[in-house]
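Only one structure is covered here, and it is reproduced in the block below.
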4 protein chains.
Amino acid sequence: MSVVVDAGPLRRGRPRSERAQQAILAAATDLLLERGLDAVSMDAIAERAGVSKATIYRWWPAKETLALDALYLEWTDTSPEPADTGTLRGDLLALLLPWLSRIGDRPYGRVIGALITKAHTDPAFGDIYRERFVEPRREQVRVILRRAAARGEVPDGVDAEAVIDLLYGPLYHRLLHGHAPLDEDIVRYVVRAAIDSLTAG
Amino acid sequence: MSVVVDAGPLRRGRPRSERAQQAILAAATDLLLERGLDAVSMDAIAERAGVSKATIYRWWPAKETLALDALYLEWTDTSPEPADTGTLRGDLLALLLPWLSRIGDRPYGRVIGALITKAHTDPAFGDIYRERFVEPRREQVRVILRRAAARGEVPDGVDAEAVIDLLYGPLYHRLLHGHAPLDEDIVRYVVRAAIDSLTAG
Amino acid sequence: MSVVVDAGPLRRGRPRSERAQQAILAAATDLLLERGLDAVSMDAIAERAGVSKATIYRWWPAKETLALDALYLEWTDTSPEPADTGTLRGDLLALLLPWLSRIGDRPYGRVIGALITKAHTDPAFGDIYRERFVEPRREQVRVILRRAAARGEVPDGVDAEAVIDLLYGPLYHRLLHGHAPLDEDIVRYVVRAAIDSLTAG
Amino acid sequence: MSVVVDAGPLRRGRPRSERAQQAILAAATDLLLERGLDAVSMDAIAERAGVSKATIYRWWPAKETLALDALYLEWTDTSPEPADTGTLRGDLLALLLPWLSRIGDRPYGRVIGALITKAHTDPAFGDIYRERFVEPRREQVRVILRRAAARGEVPDGVDAEAVIDLLYGPLYHRLLHGHAPLDEDIVRYVVRAAIDSLTAG
DNA sequence: GTGTAATCGAGACGGTACGTCGAGTCTTGTG
DNA sequence: CACAAGACTCGACGTACCGTCTCGATTACAC
């Protein structure tokens with residue numbers, strides 16, 4: 001589950017405590033969403049998890065990396081093959097409306113901001129962040145766009161990356177800046193705009 | 001200059017050192033863009049500015065507030081009435097292309113992420129952030145949209161907020177996530193999509 | 001008072017808190033004699049002194065250095081010019097019997113052992129330890145021996161260093177090893193032996 | 001070999017690895033004399049010995065106890081019946097001069113200080129320390145003194161303990177404090193003083 | 001031979017203290 | 001007053017050892 005570890009075939013010594021890892025990730029998730037990354041100390045996570053601070057550092061090099069794993073755990077089950085509803089519009093709404101209700105559930109924006117900040121400071125972390133959090137969701141849209149092209153709904157050779165940003169850009173913008181509500185209206189707006197941008201030309 | 005202080009009419013004692021304020025803001029700007037907000041300490045800013053740490057705290061309550069002012073100073077001259085080119089498309093490009101070249105100049109994304117994070121933690125700061133950084137730029141677009149409506153280019157009663165997010169959302173998305181280039185292509189793409197979203201219906 | 005600091009003639013900035021230094025040294029003395037150096041943490045000293053840990057480290061580089069200063073404070077008032085009783089034997093007893101009752105007062109042996117250990121690991125500390133703790137007491141005996149030589153009680157050119165070790169060696173031996181009581185009997189024994197060693201030849 | 005364990009008559013299961021014990025003691029001796037007890041970690045000893053840390057703790061309850069055994073191994077061959085040279089002076093020199101050259105061989109003082117400190121903290125350890133390290137050497141002197149009394153060189157009923165401290169006290173003093181050389185001169189000085197202290201009265 | 005029990009290595013674990021660093025406050029003397 | 005210098009409290013950092021614990025893999029004696 002961790003970013004860091006990949007169990008080799010021969011394992012010597014005391015095995016890694018699965019209980020500890022679970023407890024750490026659970027504690028981290030709770031505290032991060034409760035207080036935000038900066039306001040949470042590693043000591044607090046360790047204490048809440050009933051775990052030694054050294055155990056956390058053994059598996060995660062930094063608080064942000066732990067946050068990444070903790071949030072990832074909360075989101076993994078939303079990333080499978082996107083549903084095929086038969087229309088581009090249907091597919092996109094089937095993708096984004098559940099995302100909307102999930103993201104509205106808990107204050108993820110606060111933590112995502114911190115992760116983005118870290119990504120700008122530490123390029124290696126940036127790569128992991130994008131690979132784990134950004135890419136999977138973009139790939140889902142690419143699949144949907146390819147299906148739409150196969151159906152003949154949209155032309156071949158569209159600028160998928162731009163379309164994806166047209167969809168997620170405004171949503172993340174409202175999530176991060178909080179200047180306007182992140183609701184179904186804006187989701188439907190960006191879906192319509194994205195489809196128009198493909199078919200208008 | 002400061003967010004916080006507004007000099008009253010009667011001032012006794014040694015007057016505020018304008019030199020110190022300039023030096024602080026200059027030092028802060030340099031260091032913030034160089035290293036990012038988290039990696040810069042108030043001590044470092046004070047030392048680089050040749051100023052006492054207490055002097056900084058006298059005028060700014062927190063590092064993020066100072067960052068806000070420092071960045072604001074770099075951007076104030078871009079906020080006047082938007083140019084009127086005669087077309088909606090022309091106005092939007094005249095607004096966004098200069099913004100693009102400015103934002104590409106120095107690594108502003110690094111600091112903006114930190115400010116957004118702080119805004120999620122401290123609502124009061126969030127209000128100031130939005131008022132100073134977000135609103136002015138949104139208002140420019142509103143002006144442009146109203147001009148376009150007056151011209152009859154677009155219908156009345158459009159959802160201006162959604163349009164604005166359709167423009168800036170994808171651009172900030174690329175700025176903050178760095179998954180794709182922030183260039184003229186995407187600017188032209190969002191401008192076209194925004195206009196289409198207003199006229200297609 | 002500290003080993004470390006020597007106030008220059010021009011002092012700028014907030015002056016060193018005398019209250020804090022006193023509190024630190026008092027807390028250190030208490031805890032050290034109560035529990036021994038290894039069992040006392042810097043955090044505990046800081047807490048007992050009502051002082052930040054950083055403040056301790058600003059003035060003392062290590063726990064042992066602090067212990068040195070703390071103990072020194074307890075002993076400084078015993079180091080003036082040794083009393084002149086008119087006889088070598090009287091002078092030595094007037095020096096050693098008060099030392100005996102002082103050393104028996106509180107468990108200094110425990111801490112002295114730790115300081116000696118540190119002195120073997122860190123030569124620079126060893127130099128300070130000897131200069132502050134060992135030399136002053138040895139010098140007192142040298143003064144006494146010179147007075148005795150002036151009186152004609154002992155010949156000139158005796159091996160003062162050996163005599164001093166003959167006096168303090170057995171006493172420290174009992175203090176540190178605890179194999180036999182450190183009492184007046186052994187003090188009188190070493191005084192007699194030391195004098196005999198000077199006059200027998 | 002260990003202070004702690006005494007194998008019962010019926011031993012089942014895998015027998016204790018003699019190789020491991022040797023390696024542990026050898027590694028401990030090397031590291032302790034090289035760096036001093038405080039600067040050596042159990043992990044370092046385990047690694048140098050090619051042994052698991054748990055194996056060390058199975059046989060020794062603490063680092064100091066291990067140090068005791070390690071040093072004891074280096075010294076056991078010096079503890080038999082002291083040589084009989086026919087004179088008190090000869091016997092004492094025959095005892096102390098070899099001790100001197102041994103002690104000068106390697107930096108034992110560094111470790112002895114730490115053992116003394118531990119002895120003050122942990123009375124049980126203190127008993128073991130004295131029984132293993134102090135008593136044997138004191139007993140040798142007692143034997144020598146009894147022989148001298150039998151010869152009529154010294155009166156009966158002398159204060160043997162004080163004499164012993166008069167001999168070893170100054171030597172340990174120089175060993176531990178390092179203020180003056182630990183050489184033949186001081187050995188001959190203490191031997192003469194000790195004998196004088198017995199015969200002068 | 002085949003249990004069976006204690007040993008071993010490796011190394012993860014919960015703790016405790018370390019010494020450092022940054023934030024933000026406070027206390028001087030100087031201008 | 002404002003300011004520089006810099007000492008202060010507080011709290012988190014990431015590291016290093018401690019002594020314990022779980023593993024799987026060896027032994028050697030008792031049956």
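Proteins come first, then strands; the chains are lettered A, B, ... in the order of their sequence lines, and each starts at number 1. Keep in mind that what you see is a predicted model, and the values were worked out from it rather than measured.
- If you check distances only, the side chain of K53(B) never reaches the base of dG6(F) with a donor-acceptor pair under 3.5 Å.
- Proximity of a side-chain donor or acceptor of K63(C) to a complementary backbone N or O of L37(C) within less than 3.5 Å is detected.
- Nearer to the 5' terminus of DNA chain F, by closest-nucleotide assignment, is the contact made by A54(B) (compared with the other of A54(B) and Y57(A)).
- At most 12 non-hydrogen atoms from other residues, nucleotides or ligands lie less than 6.0 angstrom from CD of E47(B).
- Between the P atom of dG24(E) and the CG atom of L66(B) lies a distance of 11 Å, rounded to the nearest Å.
- The base of dA10(E) is paired with the side chain of S52(D) by a donor and an acceptor separated by under 3.5 Å.
- Along DNA chain E, the nucleotide nearest A49(D) and the nucleotide nearest P15(C) are compared for position; the residue whose nucleotide lies closer to the 5' end is A49(D).
- One atom, CD1 of I45(A), and another, P of dG14(F), lie 11 Å apart when rounded to the nearest Å.
- Counting all heavy atoms, side chain and backbone alike, Q21(B) lies closest to W59(B) at NE2-NE1, 3.1 Å.
- Closest approach of L176(A) and G109(A) over heavy atoms only: CD2-O, 3.9 Å.
- Of all the heavy atoms in L25(C) and W60(C), the pair that sits closest is CD2-CZ2, 3.8 Å.
- Checking the phosphate oxygens (OP1, OP2) of dC8(F), a side-chain nitrogen or oxygen of R58(C) falls inside 4.0 Å.
- Judged by closest nucleotide on DNA chain E, G50(A) is the one of A44(C) and G50(A) placed further toward the 5' end.
- Rounded to an integer number of Å, the gap from CG of D38(A) to C1' of dG24(E) is 16 Å.
- When the side-chain nitrogen and oxygen atoms of Q21(A) are compared with OP1 and OP2 of dC13(E), one or more of them lie within a distance under 4.0 Å.
- When distances run from any side-chain atom of D43(A) to the nucleotides dA23(E), dC13(F), dA2(F), the shortest one goes to dC13(F).
- The 5' end of DNA chain F is approached more closely, in terms of each residue's nearest nucleotide, by M42(A) than by the other of M42(A) and K63(D).
- As rounded to whole Å, 16 Å separates atom P of dA2(F) from atom CD1 of I56(B).
- For W59(B), a side-chain nitrogen or oxygen approaches OP1 or OP2 of dC3(F) to under 4.0 Å.
- Under a 3.5 Å cut-off, the side chain of R110(A) and the backbone N or O of R35(A) do form a donor-acceptor pair.
- R19(B) has its CZ atom 16 Å from the P atom of dA2(F), to the nearest Å.
- Going from atom CZ of R35(B) over to atom C1' of dG22(E) covers 14 Å, rounded to whole Å.
- For R14(A) against dC21(F), a side-chain-to-base donor-acceptor contact under 3.5 Å is present.
- Between S17(C) and the phosphate of dT27(E), there is no side-chain N or O to OP1/OP2 separation shorter than 4.0 Å.
- Using a 4.0 Å heavy-atom distance criterion, T55(B) is classed as a sugar-phosphate-only contact.
- For W60(C) and dG19(E), the CH2 to P distance is 15 Å, given to the nearest whole Å.
- Rounded to an integer number of Å, the gap from CD of E47(D) to P of dA10(E) is 10 Å.
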